[in-house]
Structures are given as structure tokens and as C-alpha cells.
Amino acid sequence: MMCIFGRIGALYHVRETRSEAASGPSTGIQPDGSCPLIIMLPFSDWRPGPPEWATEGERTIMGSTVHGLHSGGEYNSSSDFYGFGWWPSPGYLGEAAYTWLAAAQLAIDHFNARDASVVPILASLEFQVCNVTFPNATVDDSSYVPSLAFDRMTTSSRSTPVCAVIGPESPESILATSLITERLNILQLAYGTIDERISDINTVMSVARPTTEMHMFIESAMQYIQHPGKQRNYISLIHDLMQYGEQVEHTIFEIEETYGLKLSHHHIRHEDPESVLDAIRFVAADGYRTFIIATDQTAFLDSIAKASDELGLINEGYFWAIIDLSLPWAHLKSIQNEVDSSLDKLLRGAAVFRVIEPFQVESEKDIFMKSWRSQDDDFMNRVNAIHPFANDQNRPEHFVAKSGFFQANDPSPKSSLIYDSVMLAGISACRVHNDFLFGKGALNTRQRHVMEVLETEFEGASGKVKFEEGENSRLYEGIVFGVYNIWPGGVNDTSGKVWYEQTLTSINNGNGWEDIEGTQFKFFNGQPDQPMPLRTVFENNYLSIAMHNFGLVMMSLAVFIAIASALWIWVQRKKSIVRAAQPVFLYCICFGSAMLATSIIFISFDESYGWSEDHLSMACTAFPWFFVIGYLIQYCAIFCKFQRIHKLFSMVRQKVTITQVLLPFIVIITLSIVVLIIWTVIDPPVWQREIITEAPLETYGKCNSSNITPFIVPLCILIAVATASTMFIAWKVKDIQSEFSEW
């Protein structure tokens with residue numbers, strides 16, 4: 001309800017200022033070509049943070065109280081304000097904001113001088129003859145609070161001409177200030193957010209975004225999940241109910257079917273301390289072993305880690321991935337945990353998906369970084385002079401750069417996006433102004449500057465800058481996405497706690513994911529092999545110990561009897577009754593029986609006995625060989641034995657040799673071997689575990705071929721022919737003396 005009233009109040013405030021703005025300083029591109037900028041950067045952070053239960057009373061305090069810290073007494077209050085934990089201290093934010101401001105000033109200098117060292121298009125005649133320049137910019141602290149950004153934007157737009165606005169960073173602040181830029185008909189470049197609410201150009205008509213949107217970012221992350229060596233289709237998503245977490249959830253829902261994903265998800269409720277454990281329990285019930293965290297309040301990480309550790313979900317069998325703002329750059333630098341604490345284990349081998357910039361990939365070759373390194377102390381002092389808090393040492397965000405700053409420090413993330421935002425404003429302003437001078441259009445018609453931005457294309461500090469047709473967000477192909485692998489960097493000698501490093505292992509610059517040469521993603525156990533299985537199986541229907549032992553005992557007994565019988569035949573081979581029974585065929589029967597019995601061993605094991613899938617597949621392939629050949633040898637031997645006796649007693653004074661009755665034996669055994677060879681080569685039986693029920697997951701394992709019918713049918717026919725023929729010939733010799741026919 002407070003949000004609704006706040007929005008209504010903001011709209012009312014805009015209406016009140018319309019007449020003042022209309023009669024105030026001129027807006028848009030000036031006739032002489034000057035394009036005054038308002039640069040809105042978050043030099044401070046005064047957002048209310050997460051609930052106390054999420055941090056056990058140890059919130060990150062970004063300032064002691066609001067009272068007295070803001071000029072003019074605008075926000076007098078005795079209550080503490082807390083940061084989200086994006087910036088572990090005001091000092092981190094102060095330095096980061098300084099690098100952002102330096103990136104903006106560097107772009108202003110380059111554009112005014114038409115220095116094409118970073119943006120080659122500036123060397124073209126079109127811009128060399130252009131009169132557009134940036135006068136001294138107005139720099140405002142937008143903080144991360146929409147009301148602050150709105151009021152400061154209102155104040156600045158009343159007191160100075162405005163051509164374009166760079167920023168603010170947070171989506172809520174962009175939406176608030178867009179009410180003003182839309183009314184004043186000026187360009188606003190939202191460099192710092194991928195929030196979906198900024199994506200609709202019909203809603204935020206004055207805003208262009210030189211970065212990507214949430215949908216593209218999350219789709220790229222899911223493509224990585226399907227990357228060779230990962231291919232993890234079963235995802236457990238833990239998110240909060242704020243915009244960031246909800247947008248991640250909705251995006252995965254949209255692309256779930258496209259990428260063949262199975263999603264289990266649950267949310268954390270800010271007002272309920274038990275909701276973290278409830279959410280983890282809910283997603284754990286589906287048994288998915290890939291966990292993704294999506295929240296922009298880092299304080300929840302520790303609570304998620306503790307709940308997951310309690311349920312046994314943080315070990316070498318699980319893969320944890322974190323979406324960008326759930327673990328921002330600066331926050332990771334400050335994290336130190338007890339060795340083997342819950343959060344330490346969660347971060348060990350985790351992946352973090354980020355929108356990154358070229359200078360973060362190959363800093364030594366990057367043109368923006370080279371220009372950054374070349375800046376001298378004179379440039380540093382000029383940036384110090386326009387920093388809002390440079391002269392206020394009482395501010396916790398106070399920061400003043402020292403000599404050699406640009407040689408010793410890298411730009412903070414988003415610096416190249418800010419640089420290109422300024423360039424976008426200048427390049428598009430040039431084209432609008434040139435058209436005006438040549439009578440091709442009015443200078444500041446409604447959305448003229450915005451439309452020119454959306455049609456602009458150039459190679460910039462952050463890569464190829466080009467917008468989706470009909471959209472206000474940058475093309476996917478011009479953005480670089482990265483995956484960082486988190487791993488303990490060492491142990492602090494003083495505290496004994498673990499600190500962490502992140503290594504960029506894969507990037508996607510619009511052409512699919514590529515691994516960084518010389519790097520390797522390491523999972524929880526320190527190995528590059530991904531955790532398996534992909535799901536927790538609650539019932540595998542493994543072969544019971546009793547059945548396993550029974551089968552092996554019966555097999556052993558059968559083999560023992562076959563061997564003992566063969567030995568007895570050999571010992572008694574000279575006796576007339578044994579000779580009449582044809583020992584050669586008796587040996588074959590014993591051999592076939594032993595072979596058939598041995599086939600039991602190949603179906604008496606599964607994963608529960610330590611056999612790998614490869615070993616089980618080899619057993620699956622061996623089983624039909626032993627079963628079919630053993631069976632056919634038995635019955636063909638019996639058939640040949642009876643066939644010889646039948647011929648012998650059907651003729652007078654006729655000698656029938658063994659070789660004269662072996663043809664059926666040879667033919668059937670040969671045909672069976674041919675079928676088995678073809679089956680083994682073309683489509684060998686392999687071990688497969690099939691799902692019986694999805695939730696809870698229940699499976700059973702079996703041997704299977706993708707197309708078993710063409711092989712099993714001929715073998716069954718051969719077995720049926722051998723069996724039927726043996727039964728028929730046995731019936732025909734039933735009346736012969738038993739010592740010959742054994743019927």
C-alpha cells in the first residue's frame with residue numbers, strides 16, 4: 001500500500017513541477033550543439049535492508065542514521081537505515097562510484113576531443129564536422145532510493161539545461177526519474193539494470209538501455225546449464241518475492257520447455273524466518289541436485305546455506321549456481337567464513353552468472369583498459385573535483401583518489417557501460433543536430449533523441465552497441481555473459497577464516513558458451529567432473545541381497561552339477577552304458593548347462609553392488625551370448641544324440657557317425673552367433689535406469705536396446721526350432737531301449 005501511495009505522490013509531484021520545468025532552463029540538444037548531461041550515480045546506499053532474522057541482528061550498516069547526513073535536512077529520521085549488503089562498506093561503494101564517475105568523464109573528454117581510441121566511429125567525417133559537445137556535467141548522488149533520485153533529478157532539471165540523463169542505476173530509481181525525463185522530452189540512458197520493467201519502450205518512452213535485459217541473461221545462464229560437461233536439466237530454484245527473484249523465476253518458466261528443463265522452485269518470504277528452511281525442504285523433495293539462488297539481498301545466502309547444510313544438500317553430489325546480484329562483486333571480496341561452515345561449503349565450487357564487460361576478460365588487450373591506464377594525475381584531480389563527497393570527510397562514502405590511481409586500480413564493473421552510455425548520448429545527439437542543420441527534422445521533437453539512440457550502432461568500450469529492433473534494450477550479440485567459479489583463496493592468518501577467489505571460466509559473447517583457455521571449472525570436490533547423478537532417487541528398486549545371493553547360489557549349484565557330471569562321464573567313459581549314451585553329446589550337454597547357468601551372474605548385479613554403468617552395460621551385452629548359446633548347445637546336443645539313435649535303429653547294418661548328425665547343430669549355432677554379432681555391433685544391450693514415478697522419483701534398472709525386436713525375434717525363433725525339434729525327435733525314439741534313448 002505504501003508503494004502505491006508513493007507512486008501517486010510522485011505523479012502528483014511531477015504535475016506540480018510541470019509548469020516550473022516548462023519555464024525553467026531549456027531542455028534537449030541546444031541550438032549551438034551543446035548537450036548538458038546529468039550523471040546520476042549511486043555514491044551512497046540508503047535502502048532498507050533485509051529483515052533482522054536473515055542476518056541474526058548483524059545487518060550491514062551503511063550509515064549510523066539518516067539524520068544530519070543529507071543536506072538540507074530532507075530525510076530527518078532517527079531510525080537506522082541499512083544496506084542490502086551489495087557493498088560491504090561505504091568505502092567500497094565510494095571507490096566504485098569514483099571509477100564510474102571517471103568512466104563518464106573519460107567518455108566526455110573523448111567525445112569532445114573526437115578521440116577515436118576507444119570508439120573508432122568518432123574518427124568519421126560525420127562526427128568531425130559535428131558541433132555537439134558536452135559542457136561540464138551535473139553529477140548527482142542517486143543513491144539506491146527512488147525518492148532521493150527523483151528529488152535530486154527534479155532539483156537539477158530546474159537549475160540547469162538538460163540534454164540527456166545518464167543513470168540512475170537501480171530500476172526503481174529509473175522508473176521514478178523517467179517520469180521527469182519523459183515530461184521534459186529528454187533522453188535517459190539506463191546503464192545499470194537488466195530489470196524487465198525497463199524493457200517496454202511504450203511504458204518508459206524516454207529510456208534506452210545500453211545493456212541487456214533479464215530474459216536474455218537468464219536464457220544465457222540456462223544455455224550454460226546445457227553446456228557440454230554440464231547438461232543439468234533438473235533445477236531447484238530458490239528465490240525471494242522481490243522483483244529480482246520473481247523475474248528470474250518467470251524467465252526460467254518461459255524457457256523451461258525450450259531447453260528441456262525440469263524446474264522445482266519455492267520462495268523465501270521476508271516476514272517469515274521459517275520460510276528459508278521451508279523453501280529448501282520443498283525443492284529438496286523433488287530430488288533435483290542443481291540449485292540456483294536468485295535474490296538481490298545477499299543476507300539470505302547464509303540462511304540458505306545453513307538450511308541446505310542441515311538437509312545434507314551441500315556436498316560433492318550437488319551443484320550450486322548463483323545469479324549475479326545474489327553475490328555481487330564487492331560483497332564476495334569481503335566474505336570470510338569459518339572453514340567448513342555452511343556458507344563456506346556452499347561457495348566451494350559454486351558458479352556465479354554475471355553480465356561482464358570486455359575489460360574483465362582480456363584486460364591487457366582491451367582498448368578501454370588501455371585508455372584507462374593512460375590517464376594521468378591531472379585527469380584524476382578533475383574527477384576528484386566533481387565527486388559529490390570529495391570535500392566531505394565526515395561522509396562514510398568519502399573517497400579521494402591518490403596519485404597513480406588509474407595505473408594501480410581497475411575500473412569497477414559497469415564502467416564501460418557508463419562510458420558507452422555517454423558516447424550514445426553524444427553520437428545520437430550529433431546525428432539529430434546534423435539533421436536539424438540540414439533541415440531534415442526538428443531538433444527536439446518528442447522522442448527524437450531516443451529514437452536516434454535506438455538506431456545507433458558502433459563498437460564501444462563494452463563491445464558492439466546495437467539495439468533490438470523496436471526495443472529499447474541492447475542486442476544479445478553485443479553483450480558478454482560470464483561464469484565465475486568460486487573457490488577458497490586461502491585462510492586469513494589473523495582470523496583463521498576462509499576468503500574466496502572467483503575465476504572466469506566461460507564466456508558467451510553471442511556465439512555460444514566458450515571455455516576460457518587455461519582455466520577449468522572445479523566443482524565441490526575440486527575436480528572438473530560434474531556431480532552425478534542429476535537427481536536424488538528416493539527408490540531405485542535395487543536387487544535385494546537375498547535375491548542376489550539366491551541367484552548366485554543356484555548358479556553355483558548348477559555349474560557344480562554340470563562339471564561333476566562331466567567328470568563322472570570321463571571316469572566312466574569305458575563302460576558300455578556310458579558309451580551307448582554317446583559321451584561326446586553328454587559333454588556338450590554339460591557344457592551348455594554350465595554356460596546357461598553362468599548367464600545368471602550377468603543379471604545379478606546393479607549399481608548398489610558397486611558396478612558402474614559401463615560395467616553393467618558390458619554385463620548386459622554378455623548375457624544373451626551365454627544364455628542363447630548355452631541353451632542352444634544343450635538342446636542341439638540332445639537333438640543330435642537322439643537323431644543318431646533314430647537313424648541307427650531305422651536302418652539295418654548301417655553305421656551312423658557323429659559328423660553325420662552335426663549339420664543341424666552347426667547351422668543353428670552359426671545362425672545364432674551371426675545374429676548375436678550383428679546385435680553386439682549395431683545396437684548392443686546397455687544398462688538403463690527408467691523412471692517409474694516422477695515425484696517422488698522412483699526408478700528401476702534393466703538391460704535394453706534402442707531397437708531390440710530385429711535381434712530378439714530371430715533368436716527366439718532359433719530357440720523355438722531347437723526346442724521343438726528336440727521334443728519331436730525325443731518322441732520318435734521313445735520306444736527304443738532306454739540305455740540308448742534315455743527317454
Side-chain angles (χ1 to χ4, degrees), residues 542-573 578 581-611 615-642 662 664-677 679-680 684-687 700-705 708 711-712 714-727 729-730 742-743:
Y542 288 132
L543 185 67
S544 67
I545 294 291
M547 186 61 68
H548 168 79
N549 291 337
F550 178 76
L552 294 182
V553 167
M554 297 306 293
M555 179 204 73
S556 301
L557 181 61
V559 172
F560 173 78
I561 293 173
I563 294 173
S565 297
L567 288 173
W568 183 88
I569 294 167
W570 183 81
V571 171
Q572 304 294 333
R573 66 188 181 281
V578 174
Q582 306 179 71
V584 172
F585 291 119
L586 295 179
Y587 286 134
C588 289
I589 293 170
C590 291
F591 177 76
S593 298
M595 195 173 182
L596 179 61
T598 303
S599 68
I600 295 175
I601 198 171
F602 301 113
I603 56 173
S604 296
F605 293 89
D606 54 26
E607 299 93 338
S608 63
Y609 296 95
W611 284 37
H615 291 150
L616 290 168
S617 292
M618 286 190 286
C620 287
T621 303
F623 173 76
W625 280 88
F626 279 76
F627 181 87
V628 173
I629 300 298
Y631 187 95
L632 291 177
I633 287 175
Q634 271 191 114
Y635 277 83
C636 286
I638 296 172
F639 174 83
C640 290
K641 179 178 180 296
F642 288 166
L662 279 180
F665 186 109
I666 294 171
V667 170
I668 289 182
I669 296 299
T670 301
L671 288 175
S672 65
I673 290 174
V674 169
V675 173
L676 287 168
I677 289 174
W679 188 5
T680 302
V686 294
W687 180 257
Y700 73 98
K702 68 173 185 177
C703 296
N704 197 13
S705 292
I708 195 172
F711 310 106
I712 204 70
L715 292 175
C716 288
I717 290 173
L718 289 173
I719 288 173
V721 168
T723 305
S725 299
T726 302
M727 293 175 65
I729 198 66
E742 301 172 6
W743 181 255

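Keep in mind that what you see is a predicted model, and the values were worked out from it rather than measured. This chain uses plain numbering: 1 for the first residue, then up along the sequence.
- No side-chain donor-acceptor contact under 3.5 Å links Ser604 to the backbone of Gly551.
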Just list the side-chain donor-acceptor pairs under 3.5 Å for residues 553-572, sequence neighbours left out, or say none.
| unit_1 | atom_1 | unit_2 | atom_2 | d |
| --- | --- | --- | --- | --- |
| Ser556 | OG | Leu552 | O | 2.7 |
| Ser565 | OG | Ile561 | O | 2.7 |
| Gln572 | OE1 | Lys575 | NZ | 2.8 |

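- What you find for Pro685 and Thr621 is that their closest heavy atoms are O-OG1, 3.1 Å.
- Screening Ile668, Ile669, Val628 against Ile633 for a side chain to side chain contact (heavy atoms under 4.5 Å, CB included) leaves a single residue, Ile669.
- Within the model, atoms CD1 of Ile717 and CG of Leu671 stand 11.0 Å from one another, a figure rounded to the nearest 0.5 Å.
- In the displayed structure, Phe602 atom CZ is contacted under 6.0 Å by more than 12 heavy atoms of other residues, nucleotides or ligands.
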Working for side chain to side chain contact (heavy atoms under 4.5 Å, CB included), residues Ile601 and Phe626: CA-CA 10 Å; Ile601 198 171; Phe626 279 76; over 6 Å; no
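- Listed by chain and number, the residues in a ring-ring contact (aromatic ring centres under 6.0 Å, His included) with Trp679 are Phe711 (sequence neighbours excluded).
- Residues Leu543 and Tyr700 fail the side-chain proximity criterion, which asks for heavy atoms closer than 4.5 Å.
- Cysteines Cys620 and Cys703 have SG atoms closer than 2.5 angstrom.
- Between atom CH2 of residue Trp687 and atom CG of residue Asp606 there is a gap of 5.5 Å, rounded to the nearest 0.5 Å.
- Summarising the geometry of Gln582 relative to Lys641, their closest heavy-atom pair is NE2-O, 3.1 Å, with the distance given to 0.1 Å.
- Distance check: Ile638 CD1 to Thr723 OG1 gives 9.5 Å after rounding to the nearest 0.5 Å.
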Just distance, no hydrogens or angles: give the donor-acceptor pairs under 3.5 Å from side chains in residues 590-597, sequence neighbours left out.
| unit_1 | atom_1 | unit_2 | atom_2 | d |
| --- | --- | --- | --- | --- |
| Ser593 | OG | Ile589 | O | 2.8 |
| Ser593 | OG | Gln634 | OE1 | 2.6 |

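- In this structure, CD1 in Ile603 is found 4.5 Å from CZ in Phe623, a value given to the nearest 0.5 Å.
- Ring-plane geometry between Tyr631 and Tyr635 is classed as parallel, the angle between the planes falling under 30 degrees on a 0 to 90 degree scale with a further cut at 60.
- The SG atom of Cys636 sits 6.0 Å away from atom CZ of Phe665, with the distance rounded to the nearest 0.5 Å.
- Separation of atoms CH2 (Trp611) and CE (Met618) is listed at 8.5 Å; rounding is to 0.5 Å.
- The two atoms that bring Phe627 and Ser599 nearest to each other are N-CB, 3.8 Å, heavy atoms only.
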